[in-house]
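We name chains A, B, ... by the order of the sequence lines, and we start the count at 1 in each one. Because the structure is a prediction, the values reported are computed rather than measured.
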Amino acid sequence: MPELPEVEFAARCLRRWLKGKRIEAAEAPPTRIFRGSDAGAFERELPGRKLEWLERRGKYLLLGFSGNLGLLAHLGMTGKWMRIGRTQERPSHVRASLLLARDGVVLYRDPRLFGRIAVHRADELFTLPEVRSLGPDPLVDGIDPAALHERLRRTRRAVKVAIMDQAVIAGIGNIQATDALFHARIHPARPADTLDRREVEALADGIRRSIEYTLGLQGECEDEIEYVEESGAANPFVIYGRAGHPCPRCTTRLEKIDLGGRTSVFCPHCQPA
DNA sequence: ACGGATGTTCGCGC
DNA sequence: CGCGCGAACATCCG
């Protein structure tokens with residue numbers, strides 16, 4: 001699921017579901033989700049507490065609970081927070097759950113276990129190295145084209161690889177990067193330090209646009225499990241995942257290349273090398 | 001059946 | 001130090 005827009009959506013849902021509600025019990029079988037931290041701490045520490053605040057930075061969620069307990073959470077590739085009724089059947093691959101007094105169960109499902117949950121002190125969350133090393137967040141901080149230009153000028157990496165570097169801009173993944181570069185008409189393999197000011201401004205606009213677009217796809221927080229979702233739903237993105245299909249702008253056949261180990265779709269006509 | 005997938009991290013080598 | 005590359009993680013879907 002997760003790039004910045006999906007994580008932002010998860011943040012809004014979790015605030016709505018958890019804020020101010022007392023957690024009765026917490027469950028988390030030992031899995032890789034808790035790597036680098038104590039799985040037992042989740043079950044032990046959360047009962048009795050309430051969510052006081054929740055912030056998103058890039059693809060990370062930072063949750064502050066009463067009594068200075070904090071969670072750092074990342075959705076990895078297949079992570080998803082959801083809410084179901086207490087007696088409702090639980091989906092597969094649930095890695096952590098929070099039982100609320102009369103508001104059902106909030107759970108974290110993650111088949112591939114690429115996500116992460118770590119228990120910390122709440123007042124330490126922003127000082128964690130994962131969070132400190134993030135670049136500006138497009139929604140929280142906005143995108144300053146001059147600062148982005150400065151950052152891109154310092155590397156010869158492909159511009160697509162550079163904007164997916166979480167230290168350059170926080171939250172951009174393969175989908176947003178692919179569609180943003182298409183909007184900006186910039187070839188994904190262009191060395192980052194060759195972009196001029198005008199192109200970086202177009203790129204900043206493209207990133208904003210792809211984030212807003214994807215955010216708009218999210219709909220409302222589902223209260224109940226919306227299980228049989230997406231399967232069969234069409235790919236909603238602009239050119240991501242559409243190699244071989246016609247460019248939505250000029251109908252040229254979209255191509256794909258590999259950059260930094262990730263598939264990059266682009267239009268050879270609209271995004272010339 | 002095979003290949004690829006919205007992410008991060010680590011080790012290796014130049 | 002910068003950077004590319006492959007691997008690893010575990011499961012699902014077309």
Side-chain angles (χ1 to χ4, degrees), chain A residues 1-11 29-37 39 56-61 72-81 91-96 108-118 128-135 138 151-182 188-194 207 210-211 213-218 227-245 256-265:
Chain A
M1 318 249 95
E3 291 187 25
L4 188 153
E6 291 94 343
V7 182
E8 174 63 22
F9 182 66
T31 65
R32 286 176 33 79
I33 293 296
F34 294 93
R35 60 191 173 278
S37 80
R56 180 196 54 75
R57 288 296 182 277
K59 301 172 193 169
Y60 282 98
L61 295 170
L72 178 71
H74 194 291
L75 300 169
M77 199 92 100
T78 54
K80 180 168 191 168
W81 286 92
S92 60
H93 308 298
V94 171
R95 311 306 188 181
Y108 177 66
R109 172 173 195 267
D110 188 350
R112 292 175 74 180
L113 294 171
F114 289 180
R116 194 154 83 86
I117 298 175
L128 295 171
E130 301 93 319
V131 179
R132 285 182 91 139
S133 65
L134 294 172
R151 203 68 165 74
L152 294 177
R153 240 170 13 202
R154 301 208 300 260
T155 180
R156 286 209 62 83
R157 288 183 294 173
V159 60
K160 174 160 174 290
V161 174
I163 61 174
M164 289 175 64
D165 180 342
Q166 301 301 297
V168 173
I169 314 185
I172 308 304
N174 205 15
I175 294 173
Q176 309 306 324
T178 297
D179 281 2
L181 287 162
F182 174 74
R190 279 277 298 285
D193 62 358
T194 65
I207 292 169
S210 71
I211 288 173
Y213 172 71
T214 311
L215 213 40
L217 298 172
Q218 304 296 315
Y227 213 27
V228 192
E229 52 172 301
E230 326 299 330
S231 195
N235 164 13
F237 303 110
V238 182
I239 65 162
Y240 171 84
R242 300 193 192 282
H245 294 261
K256 65 174 174 180
I257 51 171
D258 183 285
L259 291 172
R262 314 296 296 276
T263 296
S264 305
V265 180

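Note on A:Arg156: only backbone sugar-phosphate atoms sit closer than 4.0 angstrom, heavy atoms only; bases stay farther off. Using a 4.0 Å heavy-atom distance criterion, A:Ile175 is classed as a base contact. Backbone-only engagement by A:Tyr240 is indicated by non-hydrogen atom pairs under 4.0 Å involving sugar-phosphate atoms exclusively.
In this structure, A:Tyr60 atom OH and B:dG7 atom C1' are separated by 9 Å, rounded to whole Å. In this structure, A:Leu61 places its CG atom 14 Å from C1' of B:dG7, rounding to the nearest Å. One can place CD1 of A:Ile33 at 14 Å from P of B:dT8, the figure rounded to the nearest angstrom. Between A:Glu130 atom CD and B:dC10 atom P the separation is 10 Å, expressed in whole Å. Atom pair A:Leu259:CG and B:dA5:C1' shows a separation of 17 Å (rounding to whole Å applied). Rounded to a whole Å, the CD atom of A:Gln218 is 16 Å from the P atom of B:dT6. Counting to the nearest Å, the P atom of B:dT8 and the NZ atom of A:Lys59 are 4 Å from each other. Atom pair A:Asp258:CG and B:dG3:P shows a separation of 16 Å (rounding to whole Å applied).
Judged by distance alone, the side chains of A:Thr78 and A:Arg109 never bring a donor and an acceptor atom under 3.5 Å apart.
Stretches of at least 3 consecutive Watson-Crick or G-U wobble pairs, with each checked distance under 3.5 Å, appear in DNA chain C as B:2-5 with C:11-14, B:7-14 with C:2-9.
The aromatic ring of A:Phe114 does not sit over the base of B:dT8, since the test of centres under 5.5 Å and planes under 30° is not met.
Note on A:His74: a side-chain N or O is less than 4.0 Å away from OP1 or OP2 of B:dT8. A:Arg262 has a side-chain polar atom (N or O) that falls below the 4.0 Å cut-off from OP1 or OP2 of B:dG7. Remark: A:Thr78 is not in phosphate contact with C:dC12, judged by side-chain N or O atoms under 4.0 Å from OP1 or OP2.
Contact of the A:Thr155 side chain with the A:Asp165 side chain is not registered, since no non-hydrogen atoms from C-beta on lie closer than 4.5 Å. Using a 4.5 Å cut-off on side-chain heavy atoms (C-beta onward), A:Val238 and A:Ser210 make no contact. At a threshold of 4.5 Å between non-hydrogen side-chain atoms, the residues A:Tyr108 and A:Ile33 count as touching.
Closest non-hydrogen pair, A:Ile117 versus A:Ser37, comes out as O-OG, 3.6 Å. Minimum interatomic distance between A:Ile172 and A:Pro138 (heavy atoms only, all atoms of both residues): CD1-CG, 4.4 Å.
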Should A:Thr178 and A:Lys160 be marked as a side chain to side chain contact (heavy atoms under 4.5 Å, CB included) after you check the CA-CA gap, both sets of side-chain angles, and the distance that decides it? CA-CA 7 Å; A:Thr178 297; A:Lys160 174 160 174 290; 3.4 Å; yes
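B:dA1 and C:dC9 have their C1' atoms separated by 22 Å, with the value rounded to a whole Å. The separation of B:dG4 from C:dG6, taken at their P atoms, amounts to 13 Å, rounded to a whole angstrom.
The nearest heavy atom of DNA chain B to A:Arg112 and to A:Gln166 marks one nucleotide each, and the one closer to the 5' end goes with A:Arg112.
More than 12 heavy atoms of other shown residues, nucleotides or ligands fall within 6.0 angstrom of atom CZ in A:Arg153.
When each of C:dG4, B:dT6, C:dA10 is scored by its nearest atom to the side-chain atoms of A:Arg32, the top-ranked nucleotide is C:dA10.
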